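Just so it is clear: chains get the letters A, B, ... in the order the sequence lines come, proteins before strands, and each one is counted from 1. No experiment lies behind these values; they were computed from the predicted model shown.
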Amino acid sequence: HRIDRLEIYGFKSFCEKTDIVLNGEVTAIVGPNGCGKSNVADAINWVLGEQSTKTLRAGRMEDVIFNGTQKRKALGVAEVTLTLREFANGASLPADFPSENGEVTVSRRLYRSGESEYFLNQRRCRLKDVYEFFEGTGLGSTSYALIEQGRIEVILGSKPQDRRALIEEAA
Amino acid sequence: HRIDRLEIYGFKSFCEKTDIVLNGEVTAIVGPNGCGKSNVADAINWVLGEQSTKTLRAGRMEDVIFNGTQKRKALGVAEVTLTLREFANGASLPADFPSENGEVTVSRRLYRSGESEYFLNQRRCRLKDVYEFFEGTGLGSTSYALIEQGRIEVILGSKPQDRRALIEEAA
Amino acid sequence: STEQFKETFDAINQNFKELFTLLFGGGQCEMRLLDETDLLESGIEIIAQPPGKRLQNVMLLSGGEKALVALALLLGIFKFRPSPFCLLDEVDAPLDDANVSRFTRLLGVMGKNTQFILITHNKKTMEVAQYLYGVTMQEAGVSKIVSVKFE
Amino acid sequence: STEQFKETFDAINQNFKELFTLLFGGGQCEMRLLDETDLLESGIEIIAQPPGKRLQNVMLLSGGEKALVALALLLGIFKFRPSPFCLLDEVDAPLDDANVSRFTRLLGVMGKNTQFILITHNKKTMEVAQYLYGVTMQEAGVSKIVSVKFE
Ligand SMILES: Nc1ncnc2c1ncn2[C@@H]1O[C@H](COP(=O)(O)OP(=O)(O)OP(=O)(O)O)[C@@H](O)[C@H]1O
Ligand SMILES: Nc1ncnc2c1ncn2[C@@H]1O[C@H](COP(=O)(O)OP(=O)(O)OP(=O)(O)O)[C@@H](O)[C@H]1O
Ligand SMILES: [Mg+2]
Ligand SMILES: [Mg+2]
């Protein structure tokens, strides 16, 4: 399977609906400090089911919703949609979420009330369904696929037991 | 007072005697990864009396002596000399270490046996004399003057109590 | 189980060693169990030898050398548990030009089976991307994305 | 003593705020005691507002923004306990071009009283140095220094 594109709306500094095509072999994201590049990484992590606020650089999960600037009011909901392609083996996608033209979309929404919603191919589903789907596509283990900013600097300085934990987690 | 120059011989990757003039307003040290730039910073830290092997990126203090390569044998002694200039107020320099032309040299030597030697103006002295001299020149508090590689990345991530310790240390 | 740990450890170690040699253009490295007899609890140390230098504990290497070793390890774990994509956020920040070239060459090799998403400030890294997105904040606090390059 | 701590805290905070505004070209920041009534033990939090953005805990800022805040804090402590020189090892690594320019402009201001020694890979930083030393390792493991520029 391949990642095809990412849509971000209301997530962190992306208060305007934003589309990024990601299906190249190598895609580079560039720009000045603080402009939102790592927020794109957080959006991918989040739509794939990340639940740790620390990893998402947030105090509480609600902090990932656009919280306003001096000129703009805060938004009430954050939504990220990931589209996957070339979904050859449809085995891991339940019949309730039919896919057209080999494309699968996964969406996650968070309201300020704290309520979360998940969608597969635009049909409402449970977080459990999203996880099961990912297990089938190899996206379940994306904890090794996202190397966040600053991780390279600290991964070796860890103690012998921390390094062991790294290996144990992958086992 | 001003830093004038640094001489490094047998310290870490500097197995050949090396001279660096440092009396400009801004001096830049550049070069590829692993070529020895941070080792220059360690040399300055060391000659100013640093005793923590962790800060010097060494296992034991003996590790700062050039330990050989596939082509060269290890050396038996490391020596670093710092020259200071414009030593207007000679008050903090004891009479036993007369300074000529307003210049003061501070040297530190370490032998593989573990024996250390310290010198002020090329005369053997105790570590205590070096510290007392530095107190007078404002070089005693160089812990705030050396911002080592990687420190910027971790200083804020520290817990509220670590940040307090930062301030307490300077108090 | 200790068998599973040992198998995982050995597989990742193999990837780690191969990636190290690719990223350093030579040399060798290894993860070692501090206590070979205690598979259940033993911590792990890492030793490395950049080309022409001595074998020593990884903590004694330079900033850029450590970053390269860390990258070899994290990508070694990724190869053991692969995903369709891999996102790297500013991993090239401490690297000099020669090492950035080795890094991008490695991406070219791995890119046959993996989509890479790179966040970077480095011009040499940008050059190997097929798609280039610029994120801007013309209006303070509001991110917008502009696609800069298509191939 | 708690008096001495409070005086130190206030003096460093003042330096910190001024340096932040210089490095960010605006905005504001502050160190705050988590418990104002407990001068003996209270931890410290840091809040910051880059120009045009919201005031928030510094841990929510971007990598480059955090580096700039950290630099403002460390230099703020340095100004409180000054030395004839200040050595900065690759502090500019996470900064974009605009922030490197603000950094070098700050060095120009502070350089009147302080000798700066900068270890860097950044070309814009190199441009403001009067002396430029290249460290090389033509022979593996053996450092040599070449002076590249004199003014
Ligand atoms: N919920 C939110 N609402 C609005 N803005 C937010 C929100 N969460 C984070 N931000 C802002 O996003 C910015 C951080 O963006 P990001 O970490 O993506 O920067 P970056 O492009 O990676 O920069 P760098 O190159 O410095 O790493 C911060 O200024 C932060 O204030
Ligand atoms: N006692 C020693 N004898 C010989 N070589 C040593 C000794 N101690 C350290 N080294 C070598 O010095 C090198 C590190 O140099 P240094 O940290 O100064 O690099 P650097 O120029 O700062 O690189 P970077 O840009 O990656 O930070 C390492 O390769 C290490 O093996
Ligand atoms: Mg970032
Ligand atoms: Mg270095």
Side-chain angles (χ1 to χ4, degrees), chain B residues 1-3 8 12-16 18-32 34-41 44-45 68-72 84 137-139 141-153 155-157 159-164 166-168 170-171, chain D residues 4-5 7-9 12 31 34 41-46 58-59 66-67 69-71 73-74 77-78 80-91 94 107 111-112 115-121 125-126 128-137 139-145 147-148 151:
Chain B
H1 320 104
R2 297 176 67 73
I3 297 226
I8 312 178
K12 293 207 169 189
S13 53
F14 288 89
C15 56
E16 299 190 348
T18 304
D19 239 305
I20 320 177
V21 174
L22 288 173
N23 65 12
E25 193 174 287
V26 182
T27 304
I29 299 176
V30 304
C35 68
K37 306 180 297 296
S38 298
N39 288 348
V40 173
I44 293 175
N45 211 351
T69 65
Q70 294 174 7
K71 289 189 182 169
R72 298 208 190 201
L84 301 162
T137 62
L139 283 164
S141 51
T142 47
S143 40
Y144 314 108
L146 282 148
I147 300 180
E148 71 269 17
Q149 192 168 4
R151 184 127 168 255
I152 286 281
E153 279 79 5
I155 199 89
L156 294 183
K159 308 189 177 60
Q161 280 304 324
D162 296 335
R163 290 175 196 144
R164 182 194 175 91
L166 250 196
I167 306 298
E168 283 179 331
Chain D
Q4 196 177 14
F5 174 79
E7 278 180 29
T8 303
F9 179 86
I12 291 175
M31 280 196 294
L34 288 173
E41 301 254 325
S42 171
I44 295 169
E45 76 169 340
I46 304 175
V58 76
M59 300 315 291
K66 277 188 197 145
V69 175
L71 191 60
L73 180 58
L74 290 175
I77 297 175
F78 173 79
F80 179 72
R81 290 271 180 241
S83 251
F85 78 99
C86 184
L87 188 147
L88 305 169
D89 193 343
E90 293 199 30
V91 299
L107 295 179
K112 301 278 162 284
Q115 285 168 285
F116 281 102
I117 302 166
L118 310 170
I119 298 175
T120 184
H121 288 288
T125 301
M126 294 178 207
V128 309
Q130 287 91 37
Y131 290 121
L132 191 68
Y133 287 101
V135 189
T136 65
M137 246 189 202
E139 181 188 338
V142 176
S143 295
K144 284 195 170 63
I145 297 199
S147 58
V148 176
E151 277 173 29

Engineer: Tell me whether D:Y133 contacts the main-chain N or O of B:K37 through its side chain, where contact means a donor paired with an acceptor under 3.5 Å.
Structural biologist: no

Engineer: For chain D, find which of B:T69, B:I3, B:I155 contributes the most heavy-atom pairs closer than 4.5 angstrom.
Structural biologist: B:I3

Engineer: Picking from B:G34, B:C15, B:S38, which has the most non-hydrogen pairs under 4.5 angstrom with chain D?
Structural biologist: B:S38

Engineer: Mind ranking B:D19, B:I20, B:D162, B:T18 by heavy-atom pairs under 4.5 Å with chain D and telling me who comes out on top?
Structural biologist: B:I20

Engineer: Below 4.5 Å from any heavy atom of chain D, which atoms of B:K12 appear? Answer side chain, backbone, both or neither.
Structural biologist: neither

Engineer: Within a strict 4.5 Å, meaning less than it, do heavy atoms of the D:P94 and B:E153 side chains meet?
Structural biologist: yes

Engineer: Taking B:S13 for its side chain and D:G141 for its backbone only, find out whether a donor-acceptor pair lies under 3.5 Å.
Structural biologist: no

Engineer: Heavy-atom distance under 4.5 Å to chain B: side chain of D:I46, backbone, both or neither?
Structural biologist: both

Engineer: Measuring from atom OH of D:Y131 to atom CD1 of B:I29, what distance do you get when rounded to the nearest 0.5 angstrom?
Structural biologist: 13.5 Å

Engineer: Taking atom OG1 of B:T27 and atom CG of D:L87, what is their separation to the nearest 0.5 Å?
Structural biologist: 9.5 Å

Engineer: Quick one: what part of D:I117 sits under 4.5 Å from any heavy atom of chain B, side chain, backbone, both or neither?
Structural biologist: both

Engineer: Checking D:Q115 side chain against B:L22 main chain: does a donor-acceptor pair fall under 3.5 Å?
Structural biologist: yes

Engineer: For the residue pair B:R163 and D:M31, establish whether any side-chain heavy-atom pair is separated by less than 4.5 Å.
Structural biologist: no

Engineer: Using non-hydrogen atoms and a 4.5 Å limit, figure out which bit of D:F80 sits close to chain B: side chain, backbone, both or neither.
Structural biologist: side chain

Engineer: So for B:Q149, is it side chain, backbone, both, or neither that comes closer than 4.5 Å to the heavy atoms of chain D?
Structural biologist: both

Engineer: Could you tell me whether a side-chain N or O of D:Q130 sits under 3.5 Å from a main-chain N or O of B:E25, the two making a donor and an acceptor?
Structural biologist: yes

Engineer: Could you tell me which portion of D:A67 (side chain, backbone, both or neither) has an atom closer than 4.5 angstrom to a non-hydrogen atom of chain B?
Structural biologist: both

Engineer: Check step by step if side-chain contact (heavy atoms from CB on, under 4.5 Å) holds for D:V135 and B:F14.
Structural biologist: CA-CA 10 Å; D:V135 189; B:F14 288 89; 4.3 Å; yes

Engineer: Going by the side-chain contact (heavy atoms from CB on, under 4.5 Å) test, name the single residue among D:D89, D:L74, D:L71 that passes it with B:R151.
Structural biologist: D:L74

Engineer: Shortest non-hydrogen contact from B:Y144 to D:F78?
Structural biologist: O-CD1, 3.6 Å

Engineer: With chain D as the partner, which of B:A171, B:C35, B:G157 has the greatest number of non-hydrogen pairs under 4.5 Å?
Structural biologist: B:C35

Engineer: Has B:R164 got a side-chain atom pairing as donor or acceptor with D:S42's backbone, closer than 3.5 angstrom?
Structural biologist: yes

Engineer: Tell me, side chain or backbone of B:I44 under 4.5 Å from chain D's heavy atoms, or both, or neither?
Structural biologist: side chain

Engineer: Output the distance between atom OG1 (D:T8) and atom CG (B:L166), rounded to the nearest 0.5 Å.
Structural biologist: 12.5 Å

Engineer: Please state whether the side chain, the backbone, both or neither of D:T120 comes within less than 4.5 Å of a heavy atom of chain B.
Structural biologist: both

Engineer: With chain D as the partner, which of B:G24, B:A170, B:G31, B:G36 has the greatest number of non-hydrogen pairs under 4.5 Å?
Structural biologist: B:A170

Engineer: Which region of D:V142, side chain (C-beta onward) or backbone (N, CA, C, O), has a non-hydrogen atom less than 4.5 Å from a non-hydrogen atom of chain B, or is it both or neither?
Structural biologist: both

Engineer: Please look at D:E90 and chain B and tell me whether the side chain, the backbone, both or neither of the residue comes under 4.5 angstrom of a heavy atom of that chain.
Structural biologist: side chain

Engineer: How long is the straight-line distance from CD of B:E148 back to CG of D:L88, given to the nearest 0.5 Å?
Structural biologist: 11.0 Å

Engineer: Relative to chain D, which segment of B:N45 carries a heavy atom at a distance below 4.5 Å: side chain, backbone, both, or neither?
Structural biologist: neither

Engineer: Distance-only, no hydrogens or angles: does the B:Q161 side chain make a donor-acceptor pair with backbone N or O of D:E41 under 3.5 Å?
Structural biologist: yes

Engineer: Could you walk me through whether D:I145 and B:V40 pass side-chain contact (heavy atoms from CB on, under 4.5 Å), step by step?
Structural biologist: CA-CA 10 Å; D:I145 297 199; B:V40 173; 4.2 Å; yes

